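The model shown is predicted, which means the values in this text are computed figures rather than measured ones. Note on naming: letters A, B, ... go to the chains in the order of the sequence lines (proteins, then strands), and numbering restarts at 1 for each one.
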Amino acid sequence: MSTTVIPHDLEPHPLTGMYNGKFGIWLFLASEIMLFGALFSTYVLLRVGAPPGQWPAHGSEILNVPLATLNTAVLISSSVTMVMSWAALKMKKFGSAQVWLTITFLCAGAFLVVKYFEYTDKFHHYQVWLNDPMPVGGHEVTTIKGHLTADSPKLECSEKTGAFNIPEYVIITPDGDHGSSGHGEAVRVEGSKIKRISNFGPRHSPYLATYFTMTGLHGLHIVGGMVVILYFMLVGGAIWKRSPEKYTNRIECTGLYWHFVDLVWIFLFPVLYLL
Amino acid sequence: MNLLLASTHYGAWTPPLYSQHGGSIDKLIDVVHVFMFVIFIPWAIFFVYCLMNFRARPGHKATYTPIKAKVSKYAEVGVAIFEAFLLLGMSMPVWADYKNNPPAPDQRLEMRVVAEQFQWNFHYSGPDGKFGATRSSLISASNPIGLAEDDPASKDDIVRVNECHLPVDKPIYLRLTSKDVIHSFDIPTMRVKQDVIPGMEIPIWFTIDKNATTDSIRPQMKTVVPMDKAEWYKVRHLVAAVDHKVKDEVVLAKGADLGADLTKGKELLEQLRKKGLTELTLEPRNPLEIVCAQLCGNSHFKMKAQVMTHTAEDFAKWLTESSKKPEMQTDF
Amino acid sequence: MSHHEMSVEDVKKHVRTYIAVFVALLVFTGITVGVSMLGQNQGWTVTTAVLIALFVASIKGSLVACYFMHLISEKSMLFGILALCAFFFLVLLLIPVITVSDNVGVH
Amino acid sequence: MSGHHDHSHGHHDHGHDLPFWRKYIFSVDHKMIGCQYTVTALLFLFFGFTLMMIMRWQLAYPGQAIPFIGQYLSKDIAADGVLVGDGYNAFGAMHGTIMVFLAIVPLAVGGFGNYVLPLQVGAPDMAFPKLNMMSYWVYFCGGVTMLTSFFIKGGAAASGWTSYPPLSVFASSGQTVWLLGMVLLITSSLLGSVNFIVTTVQMRAKGLSFFRLPFFVWAQLVTSFLLLLAFPPLEAAGVLQLMDRLAGTSFFMPSGLVFSSEPQTHMSGGGSPLLWQHLFWFLAHPEVYVLILPAMGIVSEVIATNTRKPLWGYKSLVYSVIFLGFMSFIVWAHHMFMTGMGTTLSTFFQATTMVISVPSVIVLTCLILSLYGASIRYNTPMLFALAFLPMFAIGGLTGLPLGLTASDIHLHDTYYVIGHFHYVVAPGTIFAMFAGIYYWFPKVTGRKMSEFLGKLHFWPSFVFINVVFMPMFFQGMAGLLRRQYDQTEQLHGSIAHGLTKMSSYGAWLLALAQLPFIINFFYSMFKGRKVDANPWESTTLEWAAPSPPPHGNFDKTPVVYCGPYEYSVPGKSKDYCPQHVAMEA
Ligand code: HEA
Ligand code: HEA
Ligand code: CUA
Ligand SMILES: [Cu+2]
């Protein structure tokens with residue numbers, strides 16, 4: 001329909017050295033920097049302002065560092081395969097470009113699968129805060145972390161607040177010393193003694209709230225990237241046939257986005273898991 | 001302007017002022033506004049001059065070359081310099097004084113203010129000068145700040161809801177907190193305003209003018225309102241300052257309310273008019289109010305407290321009397 | 001240089017760079033984790049830990065941006081925009097500082 | 001959506017055989033999208049104004065049933081026809097939100113920017129036409145989302161357009177819808193701003209260097225950067241607030257909250273209410289310049305054309321808005337002076353606030369000096385543009401006492417603030433929008449709007465808008481607070497009540513004064529006087545295209561030979577030299 005020819009749709013503008021799409025994606029990334037900037041800012045504020053003890057000394061007390069390290073490697077690899085795909089197109093090797101693209105997609109998928117396991121692990125891990133200290137395993141404690149046993153009653157959410165209602169009682173197997181599960185004997189805690197109960201989900205603490213929000217938003221970016229990559233895996237051939245240059249450009253733009261997502265993770269990883 | 005703003009002493013510009021630091025704020029406000037007029041009026045004159053002089057008309061042509069306007073440079077630089085003066089010379093010192101120099105602990109009346117939807121709770125330490133402990137688990141409708149009865153320091157504490165007694169001529173040091181949402185502690189007549197933020201305790205301090213006791217300012221605000229100007233909205237917080245008589249019959253006794261409720265108030269005014277009363281002599285029921293300046297929910301507009309200012313002796317009397325009756329603590 | 005007129009030879013050179021960067025990134029990931037474990041054992045202060053972690057992350061980030069995203073060969077116009085963005089990013093990161101440091105109230 | 005049929009005739013001459021829905025609904029032509037934005041935004045403007053007229057009834061006659069419409073309002077909003085507290089707050093919050101995010105920004109940027117900017121840079125369309133279409137539809141969905149919140153249980157968001165937590169987190173589900181709507185609107189703005197920047201930088205016609213761009217384009221460019229970099233933090237904040245509301249996190253909820261005498265022990269606490277304020281104002285201050293910069297751009301175009309002389313100090317105008325844009329990122333905390341800020345920070349933010357007023361002064365100076373030695377044509381667009389100047393001056397000057405912390409103690413959150421910013425946005429921005437509509441109407445439709453109706457629109461609007469807002473300064477001085485459902489509950493409010501009534505009458509009369517405009521708008525679209533491509537004898541590139549411009553805009557790709565405002569050049573036969581015409585030696 002459109003006979004309109006958009007200038008610099010393909011050839012770079014002398015001033016910026018970029019074609020429209022590439023310039024556009026860089027601008028978009030600038031806005032993304034501000035988006036994640038606000039979240040990092042939130043992280044710092046909440047952490048600095050937290051009363052002692054509310055924030056874990058290191059993310060590794062709660063989170064699984066080996067898994068996350070693996071994920072970091074996976075994501076870095078996907079970044080390389082992405083740029084390889086573009087390089088292949090530059091060398092006019094469409095076939096191998098699509099292969100690289102597919103590997104990128106699979107890496108992204110693998111990243112999400114690992115993330116899924118990390119998330120569900122947190123959702124099945126609980127903490128109980130007590131009104132008054134009670135003895136567990138020889139110490140007086142004010143809070144117990146651990147897993148609920150099978151004969152513990154099912155927790156119900158309050159309609160008003162969405163948080164768990166205080167149950168009649170819970171039976172909980174406290175964690176071992178280093179957060180590993182399944183140590184010690186299960187204890188029964190009466191509801192009347194419980195001040196608050198939560199799993200290690202977002203509402204658990206400011207730390208986990210930040211963790212879930214930041215990694216969740218990052219995960220959404222991954223999903224978005226995957227949709228785009230999938231699209232090019234499917235219809236790439238058609239675009240390539242019409243205009244190889246156009247296809248190369250699109251993969252370059254997708255790549256820029258994808259590397260940015262990788263870059264964000266490179267910062268998220270130490271900030272959330274290691275510090 | 002006075003006509004429009006209703007005819008009370010509440011003022012056509014800023015409201016009356018009863019605090020010691022407020023004068024410098026008012027002065028800044030005045031100076032800024034003079035400055036604004038000084039800029040705006042010549043500007044406007046020049047504007048109108050251009051509009052009239054340079055209108056399109058036969059034989060008149062626009063000139064291509066821009067005028068050389070040194071004046072504009074001077075004006076711009078002048079504006080900048082004056083702004084610098086306002087900032088450095090007036091605003092910052094006042095703010096620094098307002099924020100940096102709290103009165104010494106032994107010279108001040110210290111009290112806690114706990115805001116909530118939609119009331120102000122005032123907590124006085126009582127004669128012992130010690131605030132009793134508070135716990136959020138103890139909070140209830142009858143114990144709004146969760147005062148712990150088992151703490152000996154709380155025995156003589158006074159808690160008042162929406163009623164604040166303050167001494168004049170003595171530094172007052174308030175520690176503001178909120179239980180739920182953000183409120184804002186505002187006494188317009190004292191030029192005091194401070195957001196009250198949950199999770200934080202923010203101190204403010206000010207000193208009330210020596211002769212600004214409630215009893216002495218109320219009559220100062222006496223005003224005469226002709227019956228035909230006396231709309232209910234404008235007089236709802238005012239009471240009769242004298243006995244109003246029509247042919248020796250008292251139709252509105254001194255101190256009588258004009259009605260707190262729209263329909264009743266309107267009826268009363270109508271009756272008075274019918275009886276032939278021509279003017280009302282009125283004064284505020286209570287001239288000093290603490291209001292809430294931050295949107296805090298559907299009744300935000302009603303969130304206010306009465307301030308009663310006393311001389312040092314009267315205040316001391318009030319303090320001992322109130323703290324002697326523990327059952328009065330939460331009696332509101 | 002614009003990628004527009006890149007020859008196959010150029011691209012091949014690029015590919016070698018990509019592999020090198022990839023390896024460097026993996027090594028740095030190892031370093032971050034190693035250093036953090038070391039830090040926990042040695043009981044470094046939070047500041048040290050943060051500084052080191054951010055330093056390494058910045059190196060990794062720059063590698064990705066410079067080589068994968070070809071920032072190193074872009075024109076100054078883009079740098080201008082990114083510098084602006086970086087400046088405002090820093091302003092954003094000041095928010096926590098100013099919220100906590102200069103408030104008359106206590107948290 | 002009613003607007004789509006409005007511009008039908010505009011495209012008859014250019015017989016692309018597009019189906020109706022491609023041409024008018026899912027169009028990718030920047031001009032059609034601009035029109036869609038304009039009409040949608042005008043409808044929202046009208047709606048936002050209607051909310052306010054209802055609120056002004058409650059203010060003038062507290063507790064009395066709203067005439068005509070009261071009985072039709074839902075229970076959450078009005079009881080027996082009397083507005084209730086929550087209803088008032090919901091209307092207030094939605095008035096602010098709608099006016100800012102759904103009316104003025106879409107009108108100024110989405111409407112005028114989309115229509116005029118590609119034409120003025122001599123481009124055939126926007127850089128990303130499909131993205132452009134998407135950005136309109138995302139905006140549309142955001143608008144519909146906001147509107148639906150009036151119909152859900154508990155009513156629309158009622159925590160102010162600023163949505164300060166914890167109040168907004170405790171609020172009913174209207175707030176959730178508000179947040180979702182905001183996320184959509186922000187997304188739309190981001191898409192739009194990327195498009196604008198790329199178009200301006202990469203698609204300028206040959207010969208159109210940056211310093212030959214019309215000032216309007218500059219204003220839009222700076223605006224786009226503000227949107228691009230300031231909006232994302234609010235998006236982040238919106239996500240955080242959504243998490244607080246839906247996932248039970250405590251980003252903005254401090255420890256130890258007690259809500260209606262119930263300790264909130266189910267929350268983790270540990271959050272910061274001030275964090276929201278920072279993130280919100282980090283956007284919302286630049287946002288106010290988003291409201292004013294395009295307005296300044298429009299006013300400059302209209303003034304240059306109708307003074308028949310070059311703008312005075314074009315370069316200083318450009319540098320001023322760039323500086324203004326930059327500074328607007330570092331003044332945000334002047335909205336937060338009363339949060340307990342100490343001396344260091346308040347010094348910094350007062351100082352930046354004073355500094356940012358200087359470029360505004362320069363802009364206004366340039367515009368007024370442009371009048372000197374002019375030959376002013378008093379047509380309707382010019383009247384609105386001229387009225388902008390003193391109104392903006394009043395609004396801007398009253399920003400100064402707010403920017404100084406000491407005077408802000410008394411004025412913060414009073415009607416003085418309301419007066420301040422309405423002077424800049426209502427008789428300021430809205431008047432500039434009217435100027436733009438009257439000015440570019442012939443380009444869009446090929447017909448001129450009626451001058452008679454235009455003046456009938458201008459004069460009463462000018463008078464009544466001052467009747468609405470001038471009293472607010474005096475009320476604010478008297479200490480009258482904003483966001484008051486019943487102002488007379490307070491002593492000083494009851495005393496200032498006479499002015500409140502005056503202001504309300506002003507608002508209703510102002511509404512009446514819009515009738516000539518609405519009639520004119522629709523009448524002229526079909527029956528207005530037909531005019532040629534350049535009825536105002538203007539110089540910038542949009543007038544080089546036919547009216548209405550066809551798909552692809554220009555019959556022949558324009559080449560630019562001179563600056564944007566070559567009027568009354570000595571020794572020329574005509575008093576204007578269009579940019580696309582090579583000047584004879
Ligand atoms: C378009 C919108 C717009 C614009 C342009 C401005 C411009 C300015 N604003 Fe305003 N402002 C708002 C919209 C806007 N504002 C809104 C919406 C709010 C309230 C939000 C809320 O709380 O809901 C607000 C609130 C607000 C506050 C917070 C008040 C409070 O809550 O207590 C402050 C404080 O500093 C402020 C300051 C300023 C200043 C200093 C300018 C300056 O930029 C003004 C500069 C202009 C001039 C100084 C006038 C120019 C010149 C002349 C008159 C020419 C004469 C010259 C010569 C002779 C040389 N504004
Ligand atoms: C851009 C922003 C904008 C604009 C334009 C306006 C315009 C107006 N506002 Fe607005 N207002 C706000 C932004 C805006 N407002 C904000 C942010 C708040 C704070 C909210 C809060 O507290 O949270 C506020 C609050 C606010 C209050 C304070 C309420 C309170 O605190 O309780 C009042 C009170 O009178 C008010 C009045 C008005 C009036 C009378 C107009 C009038 O000027 C409106 C005039 C409108 C027109 C002249 C439109 C005419 C157009 C048409 C008729 C369209 C024709 C249609 C077609 C052709 C299809 N506003
Ligand atoms: Cu409390 Cu408003
Ligand atoms: Cu501002």
Side-chain angles (χ1 to χ4, degrees), chain B residues 4-6 8 10 13-15 25 28-29 32 36 47 50 54-56 60-64 66-67 69 72 76 79-80 83 86-87 91-92 94-96 99 136 139-141 179-182 188 191 193-195 197-199 202 233-234 236-237 262 284 289 291 293 295 298-299 301-302, chain D residues 63 85-86 160 164 166-167 254 256-259 261 263 273 308-309 312 338-340 342-343 346-347 350 354 358 361 365 368-369 371-377 397 400-401 404-407 409-410 413 477-479 481 483-486 488-492 494-495 497-499 568-570:
Chain B
L4 287 169
L5 279 172
T8 67
Y10 217 70
W13 192 240
T14 47
I25 294 177
L28 175 61
I29 292 182
V32 182
M36 283 153 58
F47 181 62
C50 289
F54 301 112
R55 64 186 192 280
H60 176 77
K61 280 197 70 178
T63 47
Y64 177 74
I67 54 158
S72 80
E76 277 157 17
V79 169
E83 280 180 2
L86 289 176
L87 180 66
S91 180
M92 270 157 53
V94 176
W95 187 257
K99 289 284 168 182
S136 63
I139 288 177
S140 68
K179 296 201 294 197
D180 40 33
V181 302
I182 302 178
R191 313 292 187 268
K193 192 177 281 157
Q194 172 59 55
D195 285 0
I197 300 171
I202 304 176
Y233 303 116
K234 293 187 195 168
R236 64 185 287 193
H237 299 289
L262 173 63
E289 274 176 356
V291 289
L295 179 64
N298 57 13
S299 299
F301 69 104
K302 294 199 268 210
Chain D
D86 276 329
Y164 282 4
L167 180 64
L257 289 184
V258 180
F259 192 62
S261 292
R308 313 309 293 163
K309 71 184 269 115
W312 193 91
M338 295 305 128
T339 55
T343 38
S346 77
T347 303
Q350 302 184 65
M354 290 303 113
V358 173
V361 171
T365 312
I368 194 177
L369 287 178
L371 301 178
Y372 195 92
S375 172
I376 303 172
R377 303 190 302 208
L397 286 172
L400 299 180
L404 297 166
T405 41
S407 35
I409 296 172
H410 182 57
D413 267 346
M477 276 295 170
L481 297 175
R483 295 168 169 171
Q484 300 283 308
Y485 163 72
D486 180 352
T488 66
E489 260 298 328
Q490 294 160 9
L491 180 59
H492 46 287
S494 62
I495 283 163
H497 192 70
L499 286 176
S568 302
V569 183

Rounded to the nearest 0.5 Å, how far does [atom2] of [Y] lie from [atom1] of [X]?
{"X": "D/S568", "Y": "B/Y64", "atom1": "OG", "atom2": "OH", "value": "10.0 Å"}
{"X": "B/E289", "Y": "D/E489", "atom1": "CD", "atom2": "CD", "value": "9.0 Å"}
{"X": "B/D195", "Y": "D/D413", "atom1": "CG", "atom2": "CG", "value": "7.0 Å"}
{"X": "B/R236", "Y": "D/L491", "atom1": "CZ", "atom2": "CG", "value": "11.0 Å"}
{"X": "D/Y164", "Y": "B/L295", "atom1": "OH", "atom2": "CG", "value": "10.5 Å"}
{"X": "B/K302", "Y": "D/D486", "atom1": "NZ", "atom2": "CG", "value": "9.0 Å"}

Looking at [options], which makes the most heavy-atom pairs under 4.5 Å with chain B?
{"options": "D/V569, D/T405, D/T339", "result": "D/T405"}
{"options": "D/L397, D/L400, D/I376", "result": "D/I376"}
{"options": "D/I368, D/V361, D/T365, D/L369", "result": "D/I368"}
{"options": "D/G373, D/G85, D/G340", "result": "D/G373"}
{"options": "D/S407, D/G160, D/G63", "result": "D/S407"}
{"options": "D/S261, D/G256, D/G479", "result": "D/S261"}

Would you mind reporting whether [Y] and [X] have side-chain heavy atoms less than 4.5 Å apart?
{"X": "B/D180", "Y": "D/L257", "value": "no"}
{"X": "B/T63", "Y": "D/K309", "value": "yes"}
{"X": "D/M354", "Y": "B/L86", "value": "no"}
{"X": "D/I409", "Y": "B/W95", "value": "yes"}
{"X": "D/P166", "Y": "B/I182", "value": "yes"}

Chain B heavy atoms under 4.5 Å from D/Y485: which part of the residue, side chain, backbone, both or neither?
->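 D/Y485 touches chain B through backbone and side-chain heavy atoms alike.
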
Name the region of D/L481, side chain, backbone, both or neither, that has any atom closer than 4.5 Å to a heavy atom of chain B.
->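 Side chain of D/L481 only, per the 4.5 Å heavy-atom cut-off to chain B.
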
Determine the minimum heavy-atom distance between [X] and [Y], stating which atoms define it.
{"X": "B/F54", "Y": "D/L371", "value": "CD1-O, 3.5 Å"}
{"X": "B/P198", "Y": "D/P254", "value": "O-CG, 3.4 Å"}
{"X": "D/A478", "Y": "B/P15", "value": "O-CG, 3.8 Å"}
{"X": "B/L28", "Y": "D/A406", "value": "CD2-CB, 3.5 Å"}
{"X": "D/H492", "Y": "B/V291", "value": "CE1-CG1, 4.1 Å"}
{"X": "D/P401", "Y": "B/V32", "value": "CD-CG1, 3.7 Å"}

For D/F259, look at atom CZ and say whether over 12 heavy atoms of other residues, nucleotides or ligands are found less than 6.0 Å away.
->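 Correct, the count exceeds 12.
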
Apply side chain to side chain contact (heavy atoms under 4.5 Å, CB included) to D/M477 and B/I29, showing your working.
-> CA-CA 9 Å; D/M477 276 295 170; B/I29 292 182; 3.4 Å; yes

Under a 4.5 Å heavy-atom cutoff, which of [options] has the most pairs with chain D?
{"options": "B/V181, B/V79, B/I67, B/L262", "result": "B/I67"}
{"options": "B/I202, B/I25, B/V94", "result": "B/I25"}
{"options": "B/R191, B/E76, B/K61, B/K99", "result": "B/E76"}
{"options": "B/M92, B/R55, B/K193", "result": "B/K193"}

Which atoms of [X] are under 4.5 Å from chain D, going by heavy atoms: the side chain, the backbone, both sets, or neither?
{"X": "B/I139", "answer": "both"}
{"X": "B/I197", "answer": "side chain"}
{"X": "B/S140", "answer": "backbone"}

